[in-house]
Amino acid sequence: QVQLVESGGGLVQAGGSLRLSCAASGFTFTFRTFAMGWFLQAPANEREFVSAISRSGGNPYYADSLKGRFTISRDNAKNTVYLQMNSLKPEDAAVYFCAGAQALSRYPNWFDTTASAYDCWGQGTQVTVSS
C-alpha cells in the first residue's frame, strides 16, 4: 500500500521560510518511477496546483504566482520530495498535500499540473502565515 507522509508545516511570520517534506513508502514500483507534485487547499477552496517534479528530477514546474519563491526537489535515495518555501505571504496559508503519479510508461521529464493525474496522496500538512 502506497503511503505519503508530509511534514514541516507550521506557523511562520510573513517573509519567513518553511521546508515541507513528503516521505514515500510502500510503493509497488520504486519511488523514482513516480512524478511528484505539491498542491494546496485553503478553506472553502478547491485543491490548487503548487509545483511538480518529474521522475527524472528534471523539469521542475511551478504555479505562476509562486515562481521565484518556492523550490521543489527530490531525493530518490530517501524516497522523499521537498518543497522549500521562501518569502511566505499570508495568502500562502493552506493545507499542503504531496501527491505521486506513476510515470514509468511516460517520458522521463513528464509531469502534470492537474490533481486527477495523481494516483496517491498524503494527508496534508498545515501552513499558517501570520502578517
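Computed from a predicted structure; not experimentally measured.
In this structure the side chain of Tyr82 reaches within 4.5 angstrom of the side chain of Thr80, judged on heavy atoms. Between Val127 and Leu40, the closest side-chain pair of non-hydrogen atoms is not below 4.5 Å. Residues Ile72 and Arg74 form no side-chain contact, since every pair of their non-hydrogen atoms from C-beta on lies 4.5 Å or further apart. Contact annotation: the side chain of Val81 approaches that of Trp38 to within less than 4.5 Å [non-hydrogen atoms, C-beta and beyond]. You'll find the side chain of Leu66 stays beyond 4.5 Å of the side chain of Ser51, heavy atoms only. Inter-residue side-chain proximity for Ser130 and Leu11 is flagged as met; some heavy-atom pair is nearer than 4.5 Å.
Hydrophobic clustering of Ile, Leu, Val, Met, Phe, Trp and Tyr side chains at less than 4.5 Å, counting indirect connections, keeps Val95 apart from Leu20.
The distance from atom CG of Asp92 to atom OG of Ser65, rounded to the nearest 0.5 Å, is 7.5 Å. The distance from atom CD of Gln13 to atom OG of Ser131, rounded to the nearest 0.5 Å, is 9.5 Å. From Met36, atom CE reaches atom CG of Leu83 across 11.5 Å, with rounding to the nearest 0.5 Å. Interatomic distance, Arg106 CZ to Phe111 CZ, rounded to the nearest 0.5 Å: 12.0 Å. Atom CG of Asn59 sits about 9.5 Å away from atom CD1 of Ile53, to the nearest 0.5 Å. Between atom CZ of residue Arg55 and atom CZ of residue Arg32 there is a gap of 10.0 Å, rounded to the nearest 0.5 Å.
Side-chain contact of Asn109 with Ser56: a donor-acceptor pair under 3.5 Å is present, judged by distance alone.
A side-chain donor-acceptor contact under 3.5 Å links Glu6 to the backbone of Gln123. A donor-acceptor pair under 3.5 Å links the side-chain atoms of Asp119 to the main chain of Gln102, judged by distance alone.
Within a 6.0 Å sphere centred on NZ of Lys78, heavy atoms belonging to other residues, nucleotides or ligands number 12 at most. Within a 6.0 Å sphere centred on CZ of Arg69, other residues, nucleotides and ligands contribute more than 12 heavy atoms.
Looking at every heavy atom in both residues, Leu4 comes nearest to Ala24 through CD2-CB, 3.5 Å. Between Phe97 and Gly122 the shortest heavy-atom distance is CD2-O, 3.5 Å. Closest of all the heavy-atom pairs between Tyr118 and Ala35 is CE2-O, 4.1 Å. Contact detail for Ser87 and Ser17: the closest heavy-atom pair is N-OG, 4.3 Å.
Below 30°, between 30° and 60°, or above 60°: for Phe39 and Phe49 the angle between ring planes is above 60°, a perpendicular geometry.
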Margin query: Let's go through Met85 and Val12 carefully: what are the C-alpha distance in whole Å and the side-chain angles of both, what is the deciding distance for side chain to side chain contact (heavy atoms under 4.5 Å, CB included) to 0.1 Å, and is it a yes or a no?
Written below: CA-CA 11 Å; Met85 306 188 297; Val12 64; over 6 Å; no

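Phe70 has its ring centre no less than 6.0 Å from the ring centre of Tyr62.
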